[in-house]
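Here is the structure we will look at.
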There are 2 protein chains.
Amino acid sequence: MQLKMKHDPITQKILRALTDNGRISNLELADRVGLSPSACLRRVVALEKAGVIRGYRAVLDPAQMGVGFLAYITVGLSQHTKAAQEAFEHAMARAPEVRECHNVTGAVEYLLRVEAADLAAYKAFHTEVLGTLPQVQSLTTYVVIGSPKDERA
Amino acid sequence: MQLKMKHDPITQKILRALTDNGRISNLELADRVGLSPSACLRRVVALEKAGVIRGYRAVLDPAQMGVGFLAYITVGLSQHTKAAQEAFEHAMARAPEVRECHNVTGAVEYLLRVEAADLAAYKAFHTEVLGTLPQVQSLTTYVVIGSPKDERA
DNA sequence: TGCAAATTGCAGAAATTTTGCGGATTAAAT
DNA sequence: ATTTAATCCGCAAAATTTCTGCAATTTGCA
């Protein structure tokens with residue numbers, strides 16, 4: 001994430017540290033950013049209240065969670081009406097395999113990130129879910145064979 | 001993430017809770033999953049050691065971090081040699097704007113997620129970084145104008 | 001059925017988080 | 001230039017939480 005000079009140096013250090021390890025103890029965090037624990041905690045709480053820190057989450061290992069297949073899919077719609085978009089987005093919201101659904105500009109309307117147990121599970125999703133949506137005109141799958149960088153994992 | 005029945009029900013609850021809130025206290029977590037604090041903590045530690053839980057991270061608000069522009073980019077390489085791939089991946093690893101770099105199958109080799117302060121910053125990255133890499137043959141930008149679903153945010 | 005390993009709950013010890021308070025620094029206003 | 005107000009800091013005590021033995025219970029398997 002871009003640390004643009006919008007926050008002071010200590011805040012930047014705090015955010016960087018918590019992005020790297022969201023469960024670092026306040027004691028160590030304070031030590032690392034050069035602040036007393038109390039002052040450090042107050043800043044963290046303020047950042048949370050201000051919404052700069054939206055929350056914390058555990059990062060799980062996909063393989064051990066039964067996710068053995070990952071793909072990105074571009075989706076072109078047959079109609080560009082608001083109704084068609086909403087229908088498609090609702091379908092995506094309901095599909096557990098879809099972890100991300102982005103509305104994009106360009107030759108296609110949507111970009112999806114899809115996680116499935118394996119190829120068979122993906123195929124089922126592709127044909128039974130995406131293939132049955134009337135709004136969908138084109139589908140292009142990009143199977144992920146590796147992620148050299150994934151800071152959002 | 002798909003909670004396939006690979007773990008017992010309590011483990012599933014633990015993982016779900018920590019995915020939702022990675023900083024929940026062990027006391028509350030234990031209470032929520034119906035276990036004593038000590039037993040619960042031991043499970044969490046075991047999950048961490050087993051690598052099921054890879055870590056924890058704070059989720060920040062992009063807008064407040066100065067990220068006002070988001071795009072996905074497909075990248076085609078001119079050569080498919082290992083050297084070319086490594087060179088490209090190293091360049092991506094160094095670029096702070098690149099939050100994700102996926103190696104994919106299909107008409108292109110890579111899919112990037114790029115975050116920038118604004119269009120100008122993106123343009124600078126596009127031309128000065130991507131445009132100067134000798135391995136890069138084709139670039140297609142998909143500007144994100146909305147994310148109806150983003151469970152990895 | 002019986003043994004061995006794994007898991008649990010309890011309770012205390014150790015460590016961390018959280019809060020009150022006085023003082024210092026900074027900014028704004030007079 | 002001086003005063004006032006607003007922050008922000010560090011210290012220290014209080015409140016919670018995490019962490020660790022240990023005995024008891026449960027689970028898995030021969």
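We use all heavy atoms of the structure for the numbers below, so side chains are in, but hydrogens, waters and symmetry mates are not. Order of the sequence lines fixes the chain letters, A, B, ..., with proteins taken first and strands second; residue numbering starts at 1 for each chain. Keep in mind the model is a prediction, meaning the values are calculated, not measured.
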Any base atoms under 4.0 Å from B:Ser25, or only sugar-phosphate, or nothing? Heavy atoms, all strands.
sugar-phosphate
Grab the CD-C1' distance between B:Glu48 and D:dC19 for me, whole Å please.
13 Å
Rounded off to whole Å, could you give me the CG-to-C1' distance for the B:Asp8 and D:dG28 pair?
15 Å
CD1 of B:Ile24 versus C1' of D:dT16: gap in Å, rounded?
15 Å
Taking for each residue the nucleotide of DNA chain D bearing the nearest heavy atom, is the 5' side occupied by A:Ser36 or by A:Arg23?
A:Ser36
Classify B:Arg42 by what it touches in the nucleic acid, base, sugar-phosphate, or nothing, heavy-atom distance under 4.0 Å.
base
Identify which nucleotide among C:dG9, C:dT18, D:dG10 has an atom closest to any side-chain atom of A:Ser38, counting heavy atoms from C-beta outward.
D:dG10
Should the pair A:Glu100-B:Arg152 be classified as a salt bridge under the 4.0 Å nitrogen-to-oxygen rule?
yes
Does B:Lys13 come within less than 4.0 Å of B:Asp8, counting only side-chain N to carboxylate O?
no
In whole angstroms, how far is the P atom of C:dT16 from the CG atom of A:Asp31?
11 Å
Using a strict 4.0 Å threshold on nitrogen-to-oxygen distance, state whether B:Asp118 and B:Lys123 make a salt bridge.
no
What's the closest nucleotide to the B:Leu41 side chain, out of C:dT8, C:dT17, D:dT18?
D:dT18
Between B:Glu89 and B:Lys82, does at least one N-O distance fall below 4.0 Å, as a salt bridge requires?
no
Side chain of B:Leu35 (C-beta onward), nearest among C:dG9, D:dC9, C:dT17
C:dG9
